[in-house]
There are 2 protein chains.
Amino acid sequence: MSPRPKIGLKLTTILDEAGEIADQHGIDEVTLANLAKKLGIRPPSLYNHFNGLPDLRKKLAIYGLNRLYEIMAEAAAGVSGTEAVLVISKAYVNFARNHPGIYEATLMAPDPEDEAVQLAGAKIVDLSVCVLHDFNLEGERALHAVRGLRSILHGFSALEQKGGFKLTLDLDESLEFIIEAFIAGISK
Amino acid sequence: MSPRPKIGLKLTTILDEAGEIADQHGIDEVTLANLAKKLGIRPPSLYNHFNGLPDLRKKLAIYGLNRLYEIMAEAAAGVSGTEAVLVISKAYVNFARNHPGIYEATLMAPDPEDEAVQLAGAKIVDLSVCVLHDFNLEGERALHAVRGLRSILHGFSALEQKGGFKLTLDLDESLEFIIEAFIAGISK
DNA sequence: AAATAAAACTAATGATATTAGTTAAGGAGA
DNA sequence: TCTCCTTAACTAATATCATTAGTTTTATTT
């Protein structure tokens with residue numbers, strides 16, 4: 001009867017749109033209803049692509065982790081030492097700034113233990129390990145340092161996003177100060 | 001007709017119960033429906049205490065910030081220098097561990113710019129400023145340092161909660177390493 | 001050309017927040 | 001004690017959402 005054209009949506013197309021909703025209106029607005037409206041289809045049709053809302057969130061998290069990794073890896077290319085730590089840090093924070101919704105989705109996976117999510121996250125951890133390698137930390141200290149860097153980057157990004165920093169003090173200067181202090185500290 | 005006993009609920013009672021739901025089942029389960037069920041009243045009755053769900057979340061955020069502040073202030077009493085930074089850091093992280101839902105609510109205020117929310121958060125910032133005072137940082141460096149400490153504490157807590165640290169490496173040792181490295185770094 | 005799978009659909013269900021209007025309980029002042 | 005008013009509960013109704021079941025059309029493959 002009525003024309004029901006088969007659009008043939010690709011997964012990446014759907015995730016692009018979902019990411020756009022997240023960035024523009026917040027992660028809570030990434031509902032099946034809103035996403036379907038943006039795609040020009042009916043909500044139940046999304047069940048052909050996702051196993052419900054939790055599965056959409058999981059796939060969006062992986063999608064975000066991969067995009068974040070690519071940007072960090074690109075920034076790290078050909079740099080080393082403190083400089084390398086600084087550039088990946090700035091890449092990380094800038095990604096969170098430019099894509100607040102996608103970044104938020106990154107840590108909102110329904111099951112963080114999920115294998116595919118772990119894998120996507122592991123690439124970023126590995127990159128951090130690699131970048132911190134120049135500071136020859138022995139054994140466990142290297143792992144503590146990775147946790148520290150990740151804590152700083154996530155904490156800084158999250159607080160900046162939630163309006164946790166209210167003073168009129170340049171944010172990029174703060175980030176540089178913090179990273180340099182941390183690097184100086186682990187270099188003893 | 002049917003007995004409609006006037007319970008006379010106090011705001012703190014309601015927030016205690018809401019916090020319990022958040023800690024036990026996650027912040028998303030803090031719904032008017034669930035909270036009403038726990039209190040033995042009907043959902044619409046909560047509108048006598050809150051201006052809808054966003055207002056409940058805001059009041060829960062303030063409630064959480066105040067509890068967090070109290071625990072940190074208590075820990076900081078009579079200590080100074082690196083030791084003081086360490087104890088408030090452990091107090092912060094332990095609060096997030098013991099009250100994951102309330103802690104999460106702390107940063108989930110619908111409008112972080114809200115005056116009352118800002119005020120509750122400012123007390124914690126002031127305490128951090130105070131504790132970092134011993135490291136005589138001049139001018140802006142002191143503010144950068146506060147942002148750094150807050151970033152570390154929130155980032156560490158959030159990642160621990162979301163399962164971001166998966167290695168079998170003691171978490172408390174990581175926290176101590178990170179804080180000590182940061183302190184060493186800002187002490188030049 | 002026929003068969004199969006993929007991707008859209010309609011219709012229906014149950015849970016949710018929210019609004020509107022209603023009723024009982026408790027305290028204050030006469 | 002009686003009256004009034006505010007508070008805090010209620011019932012009823014609405015709109016939105018995720019989700020399920022079953023259906024139909026399109027595209028692909030045989």
Side-chain angles (χ1 to χ4, degrees), chain A residues 1-63 101 104-105 108-111 114, chain B residues 1-22 24-61 63 101 104-105 108-111 114:
Chain A
M1 245 339 96
S2 60
R4 225 176 311 181
K6 198 169 187 175
I7 307 178
L9 290 170
K10 287 287 169 199
L11 186 60
T12 61
T13 307
I14 303 180
L15 291 176
D16 282 338
E17 298 294 328
E20 214 168 272
I21 295 175
D23 286 340
Q24 291 174 354
H25 305 101
I27 187 72
D28 290 337
E29 292 298 310
V30 180
T31 64
L32 295 184
N34 283 339
L35 181 54
K37 194 178 300 173
K38 202 167 196 297
L39 291 166
I41 61 175
R42 305 288 157 163
S45 304
L46 286 168
Y47 282 78
N48 290 314
H49 302 278
F50 303 103
N51 205 352
L53 190 58
D55 188 48
L56 166 61
R57 277 175 139 67
K58 173 186 133 185
K59 289 197 167 66
L60 191 58
I62 295 169
Y63 163 87
E104 203 181 352
M108 290 274 281
D111 175 20
D114 180 275
Chain B
M1 257 325 107
S2 59
R4 225 177 311 183
K6 202 167 185 172
I7 307 178
L9 289 170
K10 287 289 169 198
L11 186 60
T12 61
T13 307
I14 303 181
L15 290 176
D16 283 338
E17 298 293 328
E20 216 168 89
I21 295 176
Q24 291 173 354
H25 305 102
I27 188 72
D28 289 339
E29 292 298 309
V30 180
T31 64
L32 295 184
N34 284 338
L35 181 54
K37 195 178 299 173
K38 201 167 198 294
L39 291 166
I41 61 175
R42 304 290 158 161
S45 304
L46 286 169
Y47 283 77
N48 290 313
H49 303 278
F50 303 103
N51 205 351
L53 190 58
D55 188 48
L56 166 60
R57 276 174 140 69
K58 173 186 134 184
K59 288 197 167 67
L60 191 58
Y63 164 88
E104 203 182 351
M108 291 273 283
D111 176 20
D114 180 275

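Because only heavy atoms are used, hydrogens play no part in the values below, and waters and symmetry mates are left out as well, while side chains stay in. Reminder, nothing fancy here: chain letters follow the sequence lines and each chain counts from 1.
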Peer 1: List for me each residue that meets side chain to side chain donor-acceptor pair (under 3.5 Å) alongside A:D28, sequence neighbours excluded, and say none if there are none.
Peer 2: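 Side chain to side chain donor-acceptor pair (under 3.5 Å) list for A:D28, sorted by chain: empty.
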Peer 1: Could you walk me through whether A:L56 and A:L46 pass the side chain to side chain contact (heavy atoms under 4.5 Å, CB included) test, one step at a time?
Peer 2: CA-CA 9 Å; A:L56 166 61; A:L46 286 168; 5.9 Å; no
Peer 1: Please enumerate all residues that pass side chain to side chain contact (heavy atoms under 4.5 Å, CB included) together with B:P43, with sequence neighbours excluded.
Peer 2: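 Partners of B:P43 under the side chain to side chain contact (heavy atoms under 4.5 Å, CB included) test: B:A36.
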Peer 1: Mind checking what makes salt bridge (charged side-chain N to carboxylate O under 4.0 Å, His left out) contact with A:K38, not counting sequence neighbours?
Peer 2: A:E17, A:E20
Peer 1: Looking at C:dA6, does its base get a donor-acceptor pair with the side chain of A:N48 below 3.5 Å?
Peer 2: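 No such pair is found, so the answer is no.
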Peer 1: Can you tell me which residue pairs pass the side-chain hydrogen bond (donor to acceptor under 3.5 Å, both in side chains) test with a partner in residues 39-48 of chain A, sequence neighbours excluded?
Peer 2: none
Peer 1: Tell me: CG of B:L46 to P of D:dT7, nearest whole Å?
Peer 2: 17 Å
Peer 1: Below 3.5 Å is the cut-off: list the nitrogen or oxygen pairs between protein and nucleotides 15-19 of chain D, distance only.
Peer 2:
| unit_1 | atom_1 | unit_2 | atom_2 | d |
| --- | --- | --- | --- | --- |
| D:dA18 | OP1 | A:L32 | N | 3.0 |
| D:dA18 | OP2 | A:L32 | N | 3.3 |
| D:dA18 | OP2 | A:A33 | N | 2.9 |
| D:dT19 | OP2 | A:Y47 | OH | 2.9 |
| D:dT19 | OP2 | A:L53 | N | 2.8 |
| D:dT19 | O5' | A:Y47 | OH | 2.9 |

Peer 1: Please tell me if B:H49 has a side-chain N or O lying less than 4.0 Å from either OP1 or OP2 of D:dT7.
Peer 2: no
Peer 1: Which residues satisfy the side chain to side chain contact (heavy atoms under 4.5 Å, CB included) test with A:A105, sequence neighbours excluded?
Peer 2: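 Testing A:A105 for side chain to side chain contact (heavy atoms under 4.5 Å, CB included), a comparison that skips the adjacent residues, returns A:I27, A:L60.
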Peer 1: Please state whether the phosphate of D:dA8, meaning OP1 or OP2, lies under 4.0 angstrom from any side-chain nitrogen or oxygen of B:S45.
Peer 2: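 Checking D:dA8 against B:S45, no side-chain N or O comes under 4.0 Å of OP1 or OP2.
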Peer 1: Between B:I14 (CD1) and D:dA8 (C1'), how many Å, whole number?
Peer 2: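 Value for this atom pair: 10 Å.
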Peer 1: Give the rounded distance in Å between these two atoms: CZ of B:R42 and C1' of C:dT18.
Peer 2: 17 Å
Peer 1: Can you tell me the distance, in whole Å, between the CD1 atom of B:I41 and the C1' atom of C:dA25?
Peer 2: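 Interatomic distance, CD1 of B:I41 to C1' of C:dA25: 15 Å.
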